[in-house]
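Structure first, then comments.
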There are 2 protein chains.
Amino acid sequence: MALEHAILVSLAERSASGYDLARRFDASIGNFWKASHQQIYKVLGRMEAQQLVEASLVEQDGRPDKKVYAITADGRLELARFSATPTPPEVLRSELAVKLRALPFGDRDAVVASVRARRVQHEEKLAYYSESSQRFYPDAEHVPQDQLGSWLVLRGGILAEETGLAWCDEILQALGAER
Amino acid sequence: MALEHAILVSLAERSASGYDLARRFDASIGNFWKASHQQIYKVLGRMEAQQLVEASLVEQDGRPDKKVYAITADGRLELARFSATPTPPEVLRSELAVKLRALPFGDRDAVVASVRARRVQHEEKLAYYSESSQRFYPDAEHVPQDQLGSWLVLRGGILAEETGLAWCDEILQALGAER
DNA sequence: ATTCCCATGTAATTAGTTACATGATTCG
DNA sequence: CGAATCATGTAACTAATTACATGGGAAT
(Lines give C-alpha, C1' and ligand atoms only; values in the text may rest on other atoms or scores of the structure.)
Protein backbone atom coordinates (compact mmCIF):
# COMPACT_ATOMS: atom_id res chain seq x y z
CA MET A 1 0.00 0.00 0.00
CA ALA A 2 1.29 3.41 -0.88
CA LEU A 3 -0.72 5.42 1.66
CA GLU A 4 1.92 4.39 4.17
CA HIS A 5 4.57 5.79 1.88
CA ALA A 6 2.71 8.99 1.20
CA ILE A 7 2.52 9.46 4.98
CA LEU A 8 6.22 8.70 5.34
CA VAL A 9 7.08 11.31 2.70
CA SER A 10 4.92 13.87 4.41
CA LEU A 11 6.45 13.16 7.83
CA ALA A 12 9.95 13.17 6.36
CA GLU A 13 9.24 16.66 5.08
CA ARG A 14 7.91 17.69 8.50
CA SER A 15 6.55 15.96 11.61
CA ALA A 16 2.83 16.29 12.12
CA SER A 17 -0.22 15.11 14.05
CA GLY A 18 -2.85 12.90 12.46
CA TYR A 19 -5.01 15.96 12.15
CA ASP A 20 -2.24 17.90 10.38
CA LEU A 21 -1.72 14.98 8.01
CA ALA A 22 -5.44 14.85 7.27
CA ARG A 23 -5.27 18.49 6.23
CA ARG A 24 -2.22 17.84 4.06
CA PHE A 25 -4.12 15.00 2.43
CA ASP A 26 -6.80 17.54 1.64
CA ALA A 27 -4.34 19.89 -0.05
CA SER A 28 -0.73 19.37 -1.15
CA ILE A 29 -0.32 15.59 -0.87
CA GLY A 30 -4.02 15.22 -1.55
CA ASN A 31 -3.40 16.51 -5.06
CA PHE A 32 -2.04 13.10 -5.94
CA TRP A 33 -3.08 10.87 -3.06
CA LYS A 34 -6.41 11.16 -1.26
CA ALA A 35 -7.06 9.82 2.23
CA SER A 36 -9.66 10.42 4.92
CA HIS A 37 -8.75 11.18 8.54
CA GLN A 38 -10.20 7.84 9.66
CA GLN A 39 -7.93 5.98 7.31
CA ILE A 40 -4.93 8.08 8.31
CA TYR A 41 -5.40 7.43 12.04
CA LYS A 42 -5.80 3.72 11.39
CA VAL A 43 -2.65 3.48 9.27
CA LEU A 44 -0.68 5.69 11.69
CA GLY A 45 -1.49 3.24 14.47
CA ARG A 46 -0.20 0.34 12.45
CA MET A 47 2.88 2.26 11.38
CA GLU A 48 3.66 3.12 14.99
CA ALA A 49 3.46 -0.57 15.88
CA GLN A 50 5.87 -1.29 13.02
CA GLN A 51 8.14 1.49 14.33
CA LEU A 52 8.09 3.36 11.04
CA VAL A 53 6.92 6.41 12.97
CA GLU A 54 6.99 7.47 16.61
CA ALA A 55 4.54 9.65 18.46
CA SER A 56 5.13 12.20 21.17
CA LEU A 57 2.28 13.71 23.14
CA VAL A 58 2.17 17.49 22.95
CA GLU A 59 0.02 19.30 25.49
CA GLN A 60 -1.51 22.54 24.39
CA ASP A 61 -3.54 25.14 26.25
CA GLY A 62 -6.83 26.23 24.81
CA ARG A 63 -6.62 23.31 22.41
CA PRO A 64 -6.85 19.54 22.71
CA ASP A 65 -3.61 17.64 23.25
CA LYS A 66 -2.14 16.16 20.15
CA LYS A 67 0.13 13.31 19.16
CA VAL A 68 2.91 14.54 16.92
CA TYR A 69 4.30 11.81 14.70
CA ALA A 70 7.88 11.78 13.42
CA ILE A 71 9.50 9.42 10.96
CA THR A 72 11.98 6.98 12.52
CA ALA A 73 15.23 5.57 11.14
CA ASP A 74 13.27 2.44 10.13
CA GLY A 75 10.75 4.68 8.42
CA ARG A 76 13.49 6.37 6.41
CA LEU A 77 14.85 2.98 5.39
CA GLU A 78 11.40 1.86 4.31
CA LEU A 79 10.90 5.05 2.32
CA ALA A 80 14.23 4.59 0.53
CA ARG A 81 13.38 0.94 -0.14
CA PHE A 82 9.99 1.94 -1.57
CA SER A 83 11.62 4.60 -3.73
CA ALA A 84 13.82 1.93 -5.34
CA THR A 85 10.85 -0.32 -6.12
CA PRO A 86 9.43 -0.65 -9.66
CA THR A 87 6.24 1.36 -10.02
CA PRO A 88 3.19 -0.62 -11.16
CA PRO A 89 0.99 0.96 -13.83
CA GLU A 90 -1.61 3.25 -12.36
CA VAL A 91 -5.11 1.82 -12.10
CA LEU A 92 -7.41 4.27 -13.79
CA ARG A 93 -11.11 4.34 -13.18
CA SER A 94 -13.10 6.94 -15.01
CA GLU A 95 -16.76 7.07 -14.14
CA LEU A 96 -17.17 9.80 -16.74
CA ALA A 97 -15.85 7.44 -19.42
CA VAL A 98 -18.37 4.79 -18.31
CA LYS A 99 -21.13 7.38 -18.74
CA LEU A 100 -19.87 8.41 -22.17
CA ARG A 101 -19.84 4.81 -23.23
CA ALA A 102 -23.37 4.53 -21.82
CA LEU A 103 -24.62 7.45 -23.92
CA PRO A 104 -26.76 5.29 -26.24
CA PHE A 105 -28.55 3.85 -23.19
CA GLY A 106 -28.61 6.93 -21.00
CA ASP A 107 -29.43 10.55 -20.52
CA ARG A 108 -27.49 12.76 -22.90
CA ASP A 109 -28.35 16.07 -21.22
CA ALA A 110 -27.35 14.76 -17.82
CA VAL A 111 -24.01 13.58 -19.19
CA VAL A 112 -23.46 17.02 -20.70
CA ALA A 113 -24.16 18.47 -17.26
CA SER A 114 -21.58 16.13 -15.72
CA VAL A 115 -19.01 17.18 -18.29
CA ARG A 116 -19.71 20.86 -17.66
CA ALA A 117 -19.29 20.30 -13.92
CA ARG A 118 -16.06 18.41 -14.52
CA ARG A 119 -14.84 21.23 -16.73
CA VAL A 120 -15.34 23.73 -13.92
CA GLN A 121 -13.39 21.48 -11.54
CA HIS A 122 -10.51 21.32 -13.99
CA GLU A 123 -10.53 25.08 -14.40
CA GLU A 124 -10.47 25.62 -10.64
CA LYS A 125 -7.69 23.13 -10.04
CA LEU A 126 -5.67 24.53 -12.90
CA ALA A 127 -6.02 28.04 -11.51
CA TYR A 128 -4.95 26.79 -8.09
CA TYR A 129 -1.93 24.92 -9.47
CA SER A 130 -0.90 27.85 -11.65
CA GLU A 131 -1.01 30.16 -8.69
CA SER A 132 1.05 27.73 -6.59
CA SER A 133 3.52 27.43 -9.42
CA GLN A 134 4.01 31.19 -9.68
CA ARG A 135 4.20 31.65 -5.94
CA PHE A 136 6.59 28.83 -5.06
CA TYR A 137 8.57 28.51 -8.26
CA PRO A 138 8.69 31.95 -9.89
CA ASP A 139 11.76 30.94 -11.88
CA ALA A 140 10.85 27.70 -13.63
CA GLU A 141 14.32 27.43 -15.12
CA HIS A 142 16.05 27.40 -11.74
CA VAL A 143 14.14 25.27 -9.28
CA PRO A 144 16.24 24.39 -6.21
CA GLN A 145 17.47 20.80 -6.31
CA ASP A 146 15.68 19.80 -3.09
CA GLN A 147 12.35 21.02 -4.47
CA LEU A 148 12.64 19.34 -7.87
CA GLY A 149 10.28 16.52 -6.93
CA SER A 150 7.55 18.82 -5.65
CA TRP A 151 7.92 20.99 -8.71
CA LEU A 152 7.63 18.03 -11.06
CA VAL A 153 4.54 16.79 -9.25
CA LEU A 154 3.01 20.23 -9.61
CA ARG A 155 3.91 20.24 -13.31
CA GLY A 156 2.17 16.87 -13.64
CA GLY A 157 -0.92 18.34 -12.00
CA ILE A 158 -0.94 21.28 -14.38
CA LEU A 159 -0.54 19.06 -17.43
CA ALA A 160 -3.29 16.72 -16.23
CA GLU A 161 -5.74 19.56 -15.59
CA GLU A 162 -5.03 21.18 -18.94
CA THR A 163 -5.65 17.85 -20.64
CA GLY A 164 -8.83 17.24 -18.66
CA LEU A 165 -10.07 20.65 -19.70
CA ALA A 166 -9.25 19.99 -23.36
CA TRP A 167 -11.06 16.65 -23.19
CA CYS A 168 -14.18 18.26 -21.71
CA ASP A 169 -14.16 20.82 -24.51
CA GLU A 170 -13.88 18.09 -27.15
CA ILE A 171 -16.77 16.23 -25.56
CA LEU A 172 -18.99 19.29 -25.35
CA GLN A 173 -18.24 20.19 -28.93
CA ALA A 174 -18.91 16.66 -30.17
CA LEU A 175 -22.20 16.59 -28.28
CA GLY A 176 -23.14 19.96 -29.73
CA ALA A 177 -23.26 21.63 -26.32
CA GLU A 178 -22.13 25.07 -25.23
CA ARG A 179 -19.37 25.35 -22.68
CA MET B 1 -19.96 1.36 -7.14
CA ALA B 2 -19.41 1.87 -10.82
CA LEU B 3 -18.08 -1.59 -11.68
CA GLU B 4 -21.71 -2.67 -11.82
CA HIS B 5 -22.40 0.09 -14.29
CA ALA B 6 -19.36 -0.66 -16.40
CA ILE B 7 -20.63 -4.25 -16.62
CA LEU B 8 -24.12 -3.05 -17.51
CA VAL B 9 -22.72 -0.89 -20.33
CA SER B 10 -20.71 -3.78 -21.65
CA LEU B 11 -23.68 -6.15 -21.55
CA ALA B 12 -25.95 -3.53 -23.12
CA GLU B 13 -23.49 -3.37 -26.01
CA ARG B 14 -23.45 -7.17 -26.23
CA SER B 15 -24.32 -10.13 -24.00
CA ALA B 16 -21.34 -12.03 -22.66
CA SER B 17 -20.09 -14.66 -20.22
CA GLY B 18 -18.09 -13.75 -17.14
CA TYR B 19 -15.02 -14.89 -18.98
CA ASP B 20 -15.81 -12.68 -21.98
CA LEU B 21 -16.35 -9.74 -19.66
CA ALA B 22 -13.03 -10.41 -17.97
CA ARG B 23 -11.34 -10.18 -21.35
CA ARG B 24 -13.19 -6.97 -22.18
CA PHE B 25 -12.01 -5.58 -18.84
CA ASP B 26 -8.50 -6.39 -20.00
CA ALA B 27 -8.92 -4.46 -23.24
CA SER B 28 -11.64 -2.02 -24.37
CA ILE B 29 -13.52 -1.32 -21.13
CA GLY B 30 -10.32 -1.99 -19.24
CA ASN B 31 -8.84 1.13 -20.77
CA PHE B 32 -10.86 3.16 -18.32
CA TRP B 33 -12.07 0.63 -15.76
CA LYS B 34 -9.97 -2.27 -14.52
CA ALA B 35 -11.45 -5.38 -12.91
CA SER B 36 -10.23 -8.91 -12.24
CA HIS B 37 -12.22 -11.99 -13.18
CA GLN B 38 -12.77 -12.84 -9.51
CA GLN B 39 -14.34 -9.47 -8.91
CA ILE B 40 -16.44 -9.72 -12.05
CA TYR B 41 -17.89 -13.14 -11.13
CA LYS B 42 -18.70 -11.92 -7.65
CA VAL B 43 -20.46 -8.78 -8.86
CA LEU B 44 -22.28 -10.69 -11.62
CA GLY B 45 -23.71 -12.99 -8.95
CA ARG B 46 -25.02 -10.06 -6.98
CA MET B 47 -26.38 -8.38 -10.08
CA GLU B 48 -28.23 -11.53 -11.07
CA ALA B 49 -29.83 -11.63 -7.62
CA GLN B 50 -30.85 -8.00 -8.11
CA GLN B 51 -32.23 -8.93 -11.53
CA LEU B 52 -30.10 -6.36 -13.31
CA VAL B 53 -28.80 -9.17 -15.50
CA GLU B 54 -30.00 -12.68 -16.35
CA ALA B 55 -27.93 -15.72 -17.20
CA SER B 56 -28.61 -18.51 -19.65
CA LEU B 57 -26.52 -21.64 -19.71
CA VAL B 58 -24.92 -22.33 -23.08
CA GLU B 59 -23.54 -25.81 -23.66
CA GLN B 60 -20.58 -26.09 -25.97
CA ASP B 61 -18.73 -29.07 -27.38
CA GLY B 62 -15.00 -29.24 -26.98
CA ARG B 63 -15.27 -26.37 -24.52
CA PRO B 64 -16.65 -25.92 -21.02
CA ASP B 65 -20.24 -24.78 -20.69
CA LYS B 66 -20.70 -21.11 -20.10
CA LYS B 67 -23.22 -18.76 -18.57
CA VAL B 68 -24.09 -15.96 -20.95
CA TYR B 69 -25.33 -12.88 -19.17
CA ALA B 70 -27.74 -10.38 -20.73
CA ILE B 71 -28.93 -7.06 -19.38
CA THR B 72 -32.55 -7.02 -18.20
CA ALA B 73 -35.16 -4.27 -18.38
CA ASP B 74 -34.31 -3.43 -14.77
CA GLY B 75 -30.67 -3.29 -15.74
CA ARG B 76 -31.42 -0.81 -18.51
CA LEU B 77 -33.38 1.34 -16.09
CA GLU B 78 -30.51 1.27 -13.61
CA LEU B 79 -28.05 2.20 -16.34
CA ALA B 80 -30.20 5.15 -17.41
CA ARG B 81 -30.59 6.22 -13.78
CA PHE B 82 -26.82 6.04 -13.28
CA SER B 83 -26.22 8.04 -16.44
CA ALA B 84 -28.35 10.87 -15.02
CA THR B 85 -26.43 10.96 -11.74
CA PRO B 86 -23.88 13.69 -10.95
CA THR B 87 -20.34 12.40 -11.41
CA PRO B 88 -18.09 12.72 -8.34
CA PRO B 89 -14.54 13.99 -8.92
CA GLU B 90 -12.16 11.21 -9.81
CA VAL B 91 -9.93 10.01 -6.98
CA LEU B 92 -6.40 10.10 -8.27
CA ARG B 93 -3.60 8.11 -6.73
CA SER B 94 -0.22 8.48 -8.30
CA GLU B 95 2.48 6.29 -6.83
CA LEU B 96 4.95 7.90 -9.19
CA ALA B 97 4.13 11.31 -7.72
CA VAL B 98 4.75 9.93 -4.23
CA LYS B 99 8.15 8.74 -5.39
CA LEU B 100 8.98 12.08 -6.98
CA ARG B 101 8.08 13.82 -3.76
CA ALA B 102 10.27 11.27 -1.97
CA LEU B 103 13.28 12.09 -4.14
CA PRO B 104 15.26 13.83 -1.35
CA PHE B 105 14.86 10.71 0.82
CA GLY B 106 15.12 8.06 -1.87
CA ASP B 107 16.93 6.56 -4.78
CA ARG B 108 17.18 8.97 -7.68
CA ASP B 109 18.39 6.44 -10.24
CA ALA B 110 15.63 4.01 -9.38
CA VAL B 111 13.04 6.75 -9.79
CA VAL B 112 14.51 7.60 -13.18
CA ALA B 113 14.15 3.92 -14.08
CA SER B 114 10.48 4.00 -13.01
CA VAL B 115 9.88 7.07 -15.15
CA ARG B 116 11.55 5.45 -18.15
CA ALA B 117 9.40 2.36 -17.71
CA ARG B 118 6.30 4.52 -17.40
CA ARG B 119 7.29 6.37 -20.53
CA VAL B 120 7.43 3.11 -22.49
CA GLN B 121 3.97 2.18 -21.20
CA HIS B 122 2.59 5.50 -22.38
CA GLU B 123 4.19 5.07 -25.79
CA GLU B 124 2.74 1.59 -26.17
CA LYS B 125 -0.74 2.60 -25.10
CA LEU B 126 -0.64 5.65 -27.32
CA ALA B 127 0.36 3.52 -30.30
CA TYR B 128 -2.46 1.11 -29.52
CA TYR B 129 -5.04 3.87 -29.16
CA SER B 130 -3.85 5.62 -32.32
CA GLU B 131 -4.17 2.42 -34.27
CA SER B 132 -7.67 1.80 -32.89
CA SER B 133 -8.59 5.35 -33.76
CA GLN B 134 -7.49 4.98 -37.38
CA ARG B 135 -9.06 1.57 -37.75
CA PHE B 136 -12.46 2.26 -36.20
CA TYR B 137 -12.84 5.97 -36.86
CA PRO B 138 -10.94 6.75 -40.07
CA ASP B 139 -13.00 9.91 -40.55
CA ALA B 140 -12.71 11.82 -37.28
CA GLU B 141 -15.04 14.52 -38.60
CA HIS B 142 -17.90 12.12 -39.17
CA VAL B 143 -18.19 9.65 -36.35
CA PRO B 144 -21.56 7.84 -36.37
CA GLN B 145 -23.87 9.13 -33.65
CA ASP B 146 -24.17 5.78 -31.89
CA GLN B 147 -20.37 5.52 -31.59
CA LEU B 148 -19.80 9.05 -30.32
CA GLY B 149 -19.31 7.92 -26.72
CA SER B 150 -16.76 5.26 -27.58
CA TRP B 151 -14.93 7.70 -29.82
CA LEU B 152 -14.81 10.34 -27.09
CA VAL B 153 -13.49 7.81 -24.59
CA LEU B 154 -10.79 6.84 -27.04
CA ARG B 155 -9.96 10.51 -27.55
CA GLY B 156 -9.65 10.87 -23.79
CA GLY B 157 -7.25 7.94 -23.74
CA ILE B 158 -5.11 9.45 -26.45
CA LEU B 159 -4.98 12.83 -24.73
CA ALA B 160 -4.10 11.20 -21.40
CA GLU B 161 -1.29 9.10 -22.88
CA GLU B 162 0.16 12.06 -24.76
CA THR B 163 0.15 14.05 -21.56
CA GLY B 164 1.69 11.21 -19.57
CA LEU B 165 4.43 10.96 -22.15
CA ALA B 166 5.08 14.71 -22.03
CA TRP B 167 5.24 14.59 -18.23
CA CYS B 168 7.77 11.74 -18.31
CA ASP B 169 9.91 13.74 -20.72
CA GLU B 170 9.79 16.79 -18.46
CA ILE B 171 10.80 14.67 -15.49
CA LEU B 172 13.67 12.99 -17.31
CA GLN B 173 14.93 16.33 -18.56
CA ALA B 174 14.71 17.93 -15.12
CA LEU B 175 16.57 15.00 -13.59
CA GLY B 176 19.23 15.25 -16.28
CA ALA B 177 18.50 11.78 -17.62
CA GLU B 178 18.37 10.49 -21.15
CA ARG B 179 15.15 9.14 -22.51
C1' DA C 1 5.61 -32.65 -21.97
C1' DT C 2 4.29 -28.01 -21.18
C1' DT C 3 2.00 -24.09 -21.82
C1' DC C 4 -1.95 -21.43 -23.31
C1' DC C 5 -6.91 -20.86 -23.81
C1' DC C 6 -11.46 -21.68 -22.14
C1' DA C 7 -14.45 -21.40 -18.12
C1' DT C 8 -15.97 -20.63 -13.28
C1' DG C 9 -15.55 -20.00 -9.00
C1' DT C 10 -14.20 -19.81 -3.29
C1' DA C 11 -11.49 -18.13 0.66
C1' DA C 12 -8.75 -15.01 3.07
C1' DT C 13 -7.01 -10.72 3.53
C1' DT C 14 -6.33 -5.79 2.92
C1' DA C 15 -7.90 -1.27 1.78
C1' DG C 16 -11.21 2.14 1.79
C1' DT C 17 -15.81 4.37 2.80
C1' DT C 18 -19.58 5.79 5.67
C1' DA C 19 -21.58 6.44 9.87
C1' DC C 20 -21.12 7.40 14.59
C1' DA C 21 -18.95 9.53 18.74
C1' DT C 22 -16.95 13.15 21.88
C1' DG C 23 -15.53 17.61 23.59
C1' DA C 24 -13.21 22.17 24.07
C1' DT C 25 -12.42 26.78 21.84
C1' DT C 26 -12.92 30.44 18.68
C1' DC C 27 -15.33 33.38 15.42
C1' DG C 28 -19.35 35.81 13.64
C1' DC D 1 -26.45 30.93 19.72
C1' DG D 2 -24.58 28.32 16.02
C1' DA D 3 -21.03 27.03 13.06
C1' DA D 4 -16.29 26.18 12.22
C1' DT D 5 -11.74 24.61 13.83
C1' DC D 6 -8.93 21.58 16.52
C1' DA D 7 -8.23 16.81 17.81
C1' DT D 8 -8.79 11.67 17.96
C1' DG D 9 -10.76 7.85 17.33
C1' DT D 10 -14.29 3.17 16.85
C1' DA D 11 -17.58 0.29 14.31
C1' DA D 12 -19.76 -1.49 10.45
C1' DC D 13 -19.67 -2.20 5.91
C1' DT D 14 -18.24 -2.40 0.95
C1' DA D 15 -14.81 -2.99 -2.50
C1' DA D 16 -10.71 -4.93 -4.19
C1' DT D 17 -6.59 -7.88 -4.22
C1' DT D 18 -4.16 -12.18 -3.69
C1' DA D 19 -4.05 -16.86 -3.28
C1' DC D 20 -6.08 -21.16 -4.13
C1' DA D 21 -8.76 -24.54 -6.87
C1' DT D 22 -10.31 -27.43 -10.90
C1' DG D 23 -10.35 -29.53 -15.48
C1' DG D 24 -10.67 -30.39 -20.53
C1' DG D 25 -8.82 -29.23 -25.21
C1' DA D 26 -5.61 -27.29 -28.46
C1' DA D 27 -1.20 -25.86 -29.90
C1' DT D 28 4.20 -26.03 -29.86
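Please read all numbers here as calculations on a predicted model, not as lab measurements. Each chain gets a letter, A, B and so on, in the order the sequences are listed, and its residues count up from 1.
Considering all non-hydrogen atoms of both residues, A:Arg116 and A:Leu172 come closest at CG-CD2, 4.1 Å. Shortest non-hydrogen contact noted between B:Ala174 and B:Arg108 is O-NH2, 4.4 Å.
Here the side chain of A:Gln38 is nearest to one of C:dG23, C:dG9, D:dT10, namely D:dT10. Comparing atom distances between the A:Pro64 side chain and each of C:dT18, C:dG23, D:dA12 picks out C:dG23 as nearest. Between C:dG16, C:dA12, D:dA7, one nucleotide has an atom nearer to the side chain of B:Arg93 than all others, and that is C:dG16. Distances were taken from every side-chain heavy atom of A:Tyr19 (C-beta onward) to each of C:dC6, D:dT18, D:dC6; the shortest belongs to D:dC6. Which of D:dA16, C:dG16, D:dG9 sits closest to the side chain of A:Lys42 comes down to C:dG16. Of the listed nucleotides (D:dT18, C:dT8, D:dA16), C:dT8 has the atom at the smallest distance from the side chain of B:His37. Closest to the side chain of A:Gln39, from the set C:dG16, C:dA15, D:dA7, is C:dG16.
The separation between A:Leu57 atom CG and D:dC6 atom P is 18 Å, rounded to whole Å. As rounded to whole Å, 13 Å separates atom C1' of D:dT14 from atom CG of B:Leu3. The distance from atom CG of A:Asp26 to atom C1' of D:dC6 is 14 Å, rounded to the nearest whole Å. In this structure, CH2 of B:Trp33 is placed 11 Å from P of D:dT17, rounded to the nearest angstrom. With rounding to whole Å, B:Ile40 atom CD1 is found 14 Å from D:dA15 atom C1'. Rounded to a whole Å, the CG atom of A:Asp65 is 13 Å from the P atom of C:dA24. Across the protein-nucleic acid pair, A:Gln60 atom CD and C:dT26 atom P stand 12 Å apart, rounded to whole Å. To the nearest angstrom, P of D:dA15 lies 14 Å from CG of B:Leu44.
Between A:Arg23 and D:dA7, a side-chain N or O to OP1/OP2 separation shorter than 4.0 Å is absent. A sub-4.0 Å separation between OP1 or OP2 of C:dA15 and a side-chain N or O of A:Arg46 is present. Note on A:Tyr41: a side-chain N or O is less than 4.0 Å away from OP1 or OP2 of D:dT8. Residue B:Ser17 places at least one side-chain N or O closer than 4.0 Å to OP1 or OP2 of C:dT8.
Considering only heavy atoms from C-beta on, A:Ile29 stays 4.5 Å or farther from B:Val98 through its side chain. Within the 4.5 Å cutoff, side-chain heavy atoms of B:Arg101 are placed close to those of A:Ser150. Here the side chains of A:Met47 and A:Glu78 are not in contact, with every heavy-atom distance at 4.5 Å or above.
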Trace of the side chain to side chain donor-acceptor pair (under 3.5 Å) decision for B:Lys67 with B:Ser56: CA-CA 6 Å; B:Lys67 275 197 265 180; B:Ser56 57; over 6 Å; no

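The residue among B:Arg63 and B:Tyr69 whose nearest nucleotide of DNA chain C is located toward the 5' end is B:Arg63.
Heavy atoms of A:Lys67 sit under 4.0 angstrom from primed sugar atoms or phosphate atoms, though from no base atom.
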